[in-house]
Amino acid sequence: MAPVATSEKDQAQGLVQETKAQKVFNPFYSPPGDDDGDVNYKYADFKASAPSFPNISYEPLKEQHVVERGLFADPTKANLFGAATKVKHLTPAIGTEIEGIDLRKLIDVQKDELALLVAERGVVFFRDQDINIYEQLDLARHFGPLHKHATTPIPRIGLEEVHVVYNDASRRPDPTSFSKLELWHSDVSYELQPPSTTSLKVITGPEVGGDTLWSSGYALYSSLSPGFQAYLEGLTAVHSAVAQADGNRAAGLPVRRQEIETVHPVVRVHPATGWKSVYVNPGFTRRIVGVPKAESDAILNFLFHQIGENPDFQVRFKWEVNSIAFWDNRIVTHSATFDFWPATRHALRATPHGEKPTSVADYERQTGKEAKDRQLEIWKQQGVKVELNQKPKTTKTRGYND
C-alpha cells in the first residue's frame with residue numbers, strides 16, 4: 001500500500017498542536033506564562049506563572065542619583081578578604097569565588113569592598129548562603145536604587161523589585177526560535193541607567209546543567225588593536241526593549257512600562273576602576289549610530305562573536321542550591337545554559353541601577369583622569385612592560401601547545 005501524502009496544511013496544524021502540547025519557547029524574549037502546577041513546591045510563592053503578571057503601569061524611568069560604592073572601598077579589600085577563609089580567582093580575566101563569608105553579616109565597609117571587587121573581577125561567587133530574598137534586596141540597595149522590570153513576572157507574594165528566573169518541565173526551550181549567541185546579554189541595557197552590582201541566588205536547581213557563563217567587556221576591549229579601540233571609543237549604539245515587550249504582548253501578557261530605545265557608548269568607563277569596557281550585547285544592542293548598516297552589522301557581529309566564543313574572556317559557574325553570584329552588568333555579559341530540561345531551575349535576582357554609561361571622552365573630561373586598559377594596568381602592576389604596535393621579531397609560524 002502506498003504511503004499517504006501529508007499536506008502542508010496538515011503538517012502546519014500538527015506542528016501547532018505539538019508546539020502547544022510541549023509549550024516550547026524562546027527563553028530570552030518569551031515570558032513564563034505557566035508552570036507545572038505543583039502547589040506543594042517549597043518556593044511556590046516565588047514562582048513565575050501567569051498570576052504573577054499584574055496589569056499595572058509604571059511611569060517612565062527618570063534619571064536617578066546613584067552613589068558608586070566602589071569609590072569608597074579600601075583597594076586592598078582588607079575587611080572583606082580578612083573575613084574570608086579562601087579567595088580564589090577562577091580565570092585571569094574574570095571570576096572570583098569567596099569562601100567563609102556569611103553575606104547577611106557584611107558591614108558597610110565590606111559591602112563597598114565587594115562592590116569594588118565585582119567591578120574589578122566582573123563576577124564574584126559565594127556558596128552555601130542562607131540570605132533570604134528580603135536580605136538580598138537590602139544588600140542590593142546598598143549599591144543603588146532597585147530596578148523594577150517591565151515585562152518579567154513578579155513573585156506571587158508581591159516584591160516588584162524581584163526578578164524571577166524560573167523554568168520547569170512545562171517549558172521546553174525551542175532551539176528553532178533562538179541561537180545560543182542571542183542569549184548573551186547585559187541585563188536591561190536599554191534603560192537610561194542600566195544595572196550595576198547585580199545579584200542572583202539559586203533556590204532550586206538541577207543536579208547537573210543550568211550553568212551560567214559570564215564574558216568580560218574589559219578583556220574584549222584589551223584584546224583589540226589600538227586603532228580599533230580608538231575607533232570604537234567614538235561610537236554609540238542603540239539598545240532596545242522592543243523585543244521583550246513584543247514577547248509579552250504576543251503571549252497576551254501586560255507590559256508594565258512603555259518600551260524604550262536608548263543610545264549608549266560602545267566603550268564605557270567604569271567609575272570605580274577607571275577601566276574601559278566594550279558595552280554591547282546580542283540581546284539588546286541593535287545598531288551603531290551614524291555609520292552605514294553594513295559597517296554596523298559587521299562590527300556588532302564581530303563583537304558579539306568575541307563575547308560568546310572567546311573562552312579567554314569567560315568564566316563558567318556550576319550552581320548549587322544557595323549559591324549566589326554578584327556581577328557588574330556595566331562590564332560583563334552573561335548567558336545561561338538551557339541543557340537541564342525537564343528539571344526545575346529557580347533563582348531570584350536583585351538589580352540596582354547604575355549611572356548613565358560614560359564614554360571615554362566624557363569620563364576623562366569629567367574626572368580629569370585618563371581612562372585605562374585593564375590588561376595593561378594589570379601587567380604594569382606585575383612589572384611587565386608591553387610595547388604596543390610592536391612588530392614581530394620573526395615571521396616563523398607558531399603552533400599551539402594544547
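- At least one side-chain heavy atom of Thr285 sits under 4.5 Å from a side-chain heavy atom of Phe304.
- Side-chain contact of Tyr41 with Thr344: a donor-acceptor pair under 3.5 Å is absent, judged by distance alone.
- Using cut-offs of 30° and 60° on the angle between ring planes, the pair His334 and His185 is tilted.
- Between the Asn79 side chain and the Val109 main chain, no donor and acceptor come within less than 3.5 Å of each other.
- A salt bridge is defined here as a Lys NZ or Arg NE, NH1 or NH2 lying under 4.0 Å from an Asp or Glu carboxylate O, and Arg69 with Asp112 meets this definition.
- Using the six-membered ring where Trp is involved, Tyr231 and Phe228 have ring planes that are parallel, under 30° apart on the 30 and 60° scheme.
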- Yes or no on salt bridge (charged side-chain N to carboxylate O under 4.0 Å, His left out) for Glu160 and Arg256, after CA distance, side-chain angles and deciding distance? CA-CA 11 Å; Glu160 295 180 1; Arg256 297 188 291 274; over 6 Å; no
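- At a threshold of 4.0 Å, the pair Glu97-Arg127 counts as salt-bridged, since one of the basic side-chain nitrogens sits closer than that to a carboxylate oxygen.
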- Task: Decide ring pair (Phe, Tyr, Trp, His ring centres under 6.0 Å) for Phe317 and Trp327; before the verdict, give the C-alpha distance in whole Å, the side-chain angles of both, and the deciding distance to 0.1 Å.
- Result: CA-CA 12 Å; Phe317 186 63; Trp327 69 95; over 10 Å; no
- Criterion side chain to side chain contact (heavy atoms under 4.5 Å, CB included) on Tyr221 and Ser277, from CA distance to verdict: CA-CA 6 Å; Tyr221 175 87; Ser277 176; 5.8 Å; no
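- Remark: the backbone N or O of Phe46 is paired with a side-chain donor or acceptor of His346 at under 3.5 angstrom.
- The shortest distance between side-chain heavy atoms of Asp74 and Glu113 falls below 4.5 Å.
- Here CG of Asp168 is found 6.0 Å from NZ of Lys47. Values are rounded to the nearest 0.5 Å.
- With rounding to the nearest 0.5 Å, the separation of NZ in Lys148 from NE2 in His353 is 10.0 Å.
- With hydrogens and angles ignored, the 3.5 Å screen pairs no side-chain donor or acceptor of Thr333 with any backbone N or O of Ser186.
- A side-chain donor-acceptor contact under 3.5 Å links Thr358 to the backbone of Lys356.
- Atom CD of residue Glu135 and atom CG of residue Asp130 lie 9.0 Å apart, to the nearest 0.5 angstrom.
- In this structure, Gln129 and Leu103 approach most closely via the heavy-atom pair OE1-N, 2.9 Å.
- In this structure, Arg330 contributes its side chain and Val269 its backbone to no donor-acceptor pair below 3.5 Å.
- In this structure a side-chain-to-backbone donor-acceptor pair under 3.5 Å is missing from Gln375 to Ala219.
- Atoms CD and NE2, from Glu355 and His270 in turn, are 7.0 Å apart once rounded to the nearest 0.5 Å.
- Judged as a ring-ring contact (aromatic ring centres under 6.0 Å, His included), the pairs with a partner in residues 236-259 (not counting sequence neighbours) are, in order, His239-His264, His239-Tyr279.
- The salt bridge (Lys or Arg N to Asp or Glu O under 4.0 Å) test applied to Asp339 returns no partner, not counting sequence neighbours.
- With hydrogens and angles disregarded, a donor-acceptor distance shorter than 3.5 Å links the side chain of Thr85 to the backbone of Glu99.
- Note on residues 200-214: pairs passing salt bridge (charged side-chain N to carboxylate O under 4.0 Å, His left out), not counting sequence neighbours, are Asp211-Arg316.
- Summarising the geometry, atom CG belonging to Leu232 is positioned 7.0 Å from atom CD1 belonging to Ile288; distances are rounded to the nearest 0.5 Å.
- Every pair passing salt bridge (charged side-chain N to carboxylate O under 4.0 Å, His left out) that includes a residue from residues 228-238 is listed here, sequence neighbours excluded: Glu233-Lys276.
- Shown here is Arg287, whose CZ atom has no more than 12 heavy atoms of other residues, nucleotides or ligands within 6.0 Å.
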- Query: Under the side chain to side chain contact (heavy atoms under 4.5 Å, CB included) criterion, do Leu117 and Phe326 qualify, and how do the steps go?
  - Reply: CA-CA 10 Å; Leu117 180 64; Phe326 291 81; over 6 Å; no
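- Annotation: side chain of Tyr166 is not in contact with side chain of Thr204 (no heavy-atom distance under 4.5 Å).
- Ring-plane geometry between His163 and His149 is classed as tilted, the angle between the planes lying from 30 to 60 degrees on a 0 to 90 degree scale.
- Here Glu295 contributes atom CD and Leu300 contributes atom CG; the two are 10.5 Å apart, rounded to the nearest 0.5 Å.
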- Query: Would Gln136 and Ser199 satisfy side-chain hydrogen bond (donor to acceptor under 3.5 Å, both in side chains), going step by step from the backbone distance to the final call?
  - Reply: CA-CA 8 Å; Gln136 184 181 345; Ser199 62; 3.1 Å; yes
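- A donor-acceptor distance shorter than 3.5 angstrom exists from the side chain of Glu68 to the backbone of Gly70, with no hydrogens or angles considered.
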- What do the steps show when you test Asp373 against Ser222 for side-chain hydrogen bond (donor to acceptor under 3.5 Å, both in side chains), and what is the final call? CA-CA 6 Å; Asp373 179 323; Ser222 296; 2.5 Å; yes
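- You'll find the side chain of Arg121 stays beyond 4.5 Å of the side chain of Asp328, heavy atoms only.
- Within the 3.5 Å criterion, the main-chain N or O of Ile107 finds a donor-acceptor partner in the side chain of Gln110.
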- Can you list the steps and then say if Val280 with Ile299 is a side chain to side chain contact (heavy atoms under 4.5 Å, CB included)? CA-CA 11 Å; Val280 297; Ile299 293 169; over 6 Å; no
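- Side-chain contact check for Val118 versus Phe143: every heavy-atom pair is 4.5 Å or farther apart.
- With sequence neighbours excluded, the residues satisfying salt bridge (Lys or Arg N to Asp or Glu O under 4.0 Å) with Asp362 are Arg365.
- Proximity of a side-chain donor or acceptor of Gln64 to a complementary backbone N or O of Pro145 within less than 3.5 Å is not detected.
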- Item | Evaluation steps, side-chain hydrogen bond (donor to acceptor under 3.5 Å, both in side chains), between Asn281 and Ser189 | CA-CA 8 Å; Asn281 67 88; Ser189 65; 3.0 Å; yes
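- Side-chain contact between Phe338 and Pro175: absent, with no pair of heavy atoms (C-beta onward) separated by less than 4.5 Å.
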- salt bridge (charged side-chain N to carboxylate O under 4.0 Å, His left out) between Lys318 and Glu320: does it pass, once the steps are laid out? CA-CA 7 Å; Lys318 175 175 172 49; Glu320 298 170 346; over 6 Å; no
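- Taking the side-chain contact (heavy atoms from CB on, under 4.5 Å) definition, one finds that Val242 meets it with Ser240, Asp246, Glu259, Glu261, sequence neighbours left out.
- Contact annotation: the side chain of Leu213 approaches that of Thr337 to within less than 4.5 Å [non-hydrogen atoms, C-beta and beyond].
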- Message: Apply side chain to side chain contact (heavy atoms under 4.5 Å, CB included) to residues Gln314 and Asn310 and explain how you reach the verdict.
- Response: CA-CA 7 Å; Gln314 298 175 358; Asn310 194 321; 5.6 Å; no
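- A salt bridge links Glu377 with Lys380; the closest basic N to acidic carboxylate O contact falls under 4.0 Å.
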